[in-house]
Amino acid sequence: MKLEDIIKGRRSIKRFKDIPVPIDTIQGLLETSTWAPNHKMTQPWRFVVVHGDSRLKLAEATRAFMAGKEKDPEKKKEAGQRGFNKLSGVPMFVAVIMEENPNPMVREEDYAATSALIQNFSLLAWEQGIGMIWETYGMIHSTEFRDALAVKPGEKIVGSLHVGYPDMVPTPRPRKEIDQLLTVMD
Ligand SMILES: Cc1cc2nc3c(=O)[nH]c(=O)nc-3n(C[C@H](O)[C@H](O)[C@H](O)COP(=O)(O)O)c2cc1C
């Protein structure tokens, strides 16, 4: 596949086949992804891959978070169950975790570099028929979710990537025309 086709053909995937993704494949994709540009070679990232039965730990953390967030006591259980259901069907999670540098300028550059890494991963995965969605739902900031992933103080979850073989590839949403975006200065 041409790189242009991978970039344009990649979609965020929400529905996955019930087929596990081999851990070796993901490890290989992550290794290649780490060749992302990063200023001063900070390489601020690390990863936690959650698959198999461990996924329930994340789903339960989400249940606790969602139930805790619901103000109406009668709706707590239902809210928790919704959270659990959202996560329990995901074949694999790749949590991309970034060290939060105390210097805001370095931190911003590290976030940019980590985002570049995630895009690398997304395109490499797509090339192999593996889909993902980059999720930044509220749980990633919660104690429940962070504890389930053993995220340390001073670390940020940049993305919870839901990874698997696509069951449904959504229709692309159009992008702005390049003429609207580009200024050329002669
Ligand atoms: C930083 C970032 C965070 C995102 N967080 C979410 C999210 O929490 N939930 C979600 O459904 N999609 C999320 N997305 C995916 C976007 O919604 C998606 O990329 C956009 O709709 C364009 O669709 P496409 O990726 O299929 O081209 C996120 C994307 C980025 C770059």
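Counting starts at 1 for both ligands and their atoms, following the listed order. For the numbers below, each heavy atom of this structure counts, side chains included, while hydrogens, waters and symmetry mates do not.
Residue-level proximity to ligand 1 for His162 is absent, since no heavy atom of it falls below 4.0 angstrom. With a 4.0 Å heavy-atom cut-off, ligand 1 is reached by the backbone of Tyr137 but not by any atom from C-beta on.
Among all protein heavy atoms, the one lying closest to atom 26 (O) of ligand 1 is Ser12 N, 2.8 Å. Distance from atom 14 (N) of ligand 1 to its nearest protein heavy atom, with residue and atom name: Trp134 O, 3.2 Å. Atom 12 (N) of ligand 1 has as its closest protein heavy atom Ile133 CD1, 3.6 Å. In terms of protein heavy-atom proximity, atom 9 (N) of ligand 1 is closest to Glu135 OE1, 3.1 Å. Atom 8 (O) of ligand 1 has as its closest protein heavy atom Thr136 N, 2.9 Å.
Screening Ile118, Val94, Ile13 for a side-chain contact (heavy atoms from CB on, under 4.5 Å) with Met132, the sole residue that qualifies is Ile118. The salt bridge (Lys or Arg N to Asp or Glu O under 4.0 Å) test with Glu155 is passed by exactly one of Arg146, Arg46, Arg107: Arg46.
Between atom CG of residue Leu87 and atom OG1 of residue Thr62 there is a gap of 4.0 Å, rounded to the nearest 0.5 Å.
On a distance-only criterion, Tyr111 and ligand 1 share no N/O pair closer than 3.5 Å.
Ring centers of Phe93 and His51: at least 6.0 Å apart, outside the cut-off.
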- Can you check salt bridge (charged side-chain N to carboxylate O under 4.0 Å, His left out) on Glu60 and Lys57, steps first, answer last? CA-CA 5 Å; Glu60 287 297 354; Lys57 223 172 137 182; over 6 Å; no
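Here the shortest heavy-atom distance to atom 27 (O) of ligand 1, taken over Gln119, Arg175, Arg173, belongs to Arg175.
Ring geometry, Phe145 versus Tyr137: the interplanar angle exceeds 60°, so the pair is classed perpendicular (tilted spans 30 to 60°).
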